[in-house]
Amino acid sequence: VAGTFAYSPGPGTALGAGTHHVLSVTFTPQDSTDYSSITVTRTINVGQATPDLVVTAPGGSFDGSPFPASVSLGGPGNGPAASLEGTPFTLTYYLGTGTGGTSLGSTPPTAPGTYTVAASFPGTADYKANQSKPVTFTIVSGTPTVVLTTSNGSPAPGQAVTLVATVSPAAPGEMVT
């Protein structure tokens with residue numbers, strides 16, 4: 001039987017989490033002489049989704065700058081994100097391997113060492129609260145620059161030479177010992 005369908009809510013509508021969402025469809029036949037329109041209504045419940053938080057923390061070589069991690073929502077086509085439904089993720093950094101070390105709060109580390117970071121999401125009406133798997137990363141010590149020069153140019157064989165070593169730290173504020 002030829003006719004048209006009308007859906008409520010319309011096709012492509014994303015329903016939020018909750019109970020008793022009403023869905024309906026109305027069929028209107030082209031031949032209204034032999035057939036009549038009909039509407040069917042159903043209710044459904046939509047549960048909260050669990051966000052898949054993926055943390056990336058590349059670490060690197062000490063340069064005095066912070067080494068921030070980033071959060072992505074797991075799944076194809078998802079990239080770095082700062083929030084879900086306007087609710088921000090929280091990154092927490094820990095000293096050492098695992099989340100049992102001293103919490104550094106949300107400030108990315110800047111000093112050489114081993115750190116762990118985890119992302120958490122407090123939840124919304126549509127998404128459950130969740131935490132990422134912890135990711136451990138390392139900031140390795142920088143390599144200082146050493147320049148060696150002679151005090152008297154090009155010495156002759158047997159002539160005493162004084163060498164001067166100039167050592168520069170890998171990054172501003174780093175101590176060379």
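Using a 4.5 Å heavy-atom cutoff, the side chains of Thr136 and Thr114 are in contact. Between Tyr93 and Phe137 there is a side-chain heavy-atom pair separated by less than 4.5 Å. With contacts defined as side-chain heavy-atom distances shorter than 4.5 Å, the pair Val140/Pro112 does not qualify. Looking at heavy atoms from C-beta onward, Ser106 lies out of side-chain contact with Leu91 at the 4.5 angstrom threshold. Looking at heavy atoms from C-beta onward, Leu95 lies in side-chain contact with Tyr115 at the 4.5 angstrom threshold.
Not a single donor-acceptor pair under 3.5 Å links the side chain of Ser24 to the backbone N or O of Thr41. In this structure, Thr116 contributes its side chain and Gly96 its backbone to a donor-acceptor pair below 3.5 Å. Judged by distance alone, the side chain of Asn45 and the main-chain N or O of His20 form a donor-acceptor pair under 3.5 Å. Proximity of a side-chain donor or acceptor of His21 to a complementary backbone N or O of Gly16 within less than 3.5 Å is detected. When atom types are taken as modelled, the side chain of Tyr35 and the backbone of Ala2 share no donor-acceptor pair closer than 3.5 angstrom. Of the possible donor and acceptor atoms, one in the side chain of Asp126 sits under 3.5 Å from a partner among the backbone N and O of Ala17.
Taking both residues in full, the closest heavy atoms of Tyr94 and Ser103 are given as CD2-CA, 3.8 Å, listed atom of the first, atom of the second, then distance. When all heavy atoms are compared, the tightest approach of Gly123 to Thr87 is O-CG2, 4.4 Å. Smallest separation of non-hydrogen atoms from Val1 and Pro29: CG1-CB, 4.1 Å. What you find for Ala118 and Val55 is that their closest heavy atoms are C-CG2, 4.4 Å. Nearest heavy-atom pair across Ala57 and Val117 is CB-CG1, 3.8 Å. Taking all atoms of both residues into account, the shortest heavy-atom contact from Pro9 to Leu15 is CG-CD2, 3.9 Å.
Remark: the Thr26 side chain and the Thr39 side chain contain an N/O donor-acceptor pair separated by less than 3.5 Å. Side-chain contact annotation: Ser120 with Gln131, donor-acceptor N/O pair under 3.5 Å absent.
Note that OG of Ser83 is 9.0 Å distant from CG of Leu73, once rounded to the nearest 0.5 Å. Annotation: the span from Ser70 atom OG to Phe89 atom CZ amounts to 11.0 Å, rounded to 0.5 Å. Note that the OG1 atom of Thr50 and the CZ atom of Phe121 stand 10.5 Å from one another [nearest 0.5 Å]. The distance from the OG1 atom of Thr138 to the CZ atom of Phe62 is 15.0 Å, given to the nearest 0.5 Å. To the nearest 0.5 angstrom, Leu163 atom CG is 7.0 Å from Thr150 atom OG1. The OG1 atom of Thr4 lies 8.0 Å from the CD atom of Gln30; values are rounded to the nearest 0.5 Å.
The cluster map of Ile, Leu, Val, Met, Phe, Trp and Tyr, joined by side-chain heavy atoms under 4.5 Å apart, puts Val25 and Ile38 in the same cluster. Following chains of ILVMFWY side-chain contacts shorter than 4.5 Å, one can reach Val161 starting from Leu148, so the two form part of one hydrophobic cluster.
Here the two rings, on Phe27 and Phe5, have centers that are under 6.0 Å apart.
Residue-environment remark: CD1 (Ile44) exceeds the threshold of 12 foreign heavy atoms within 6.0 Å.
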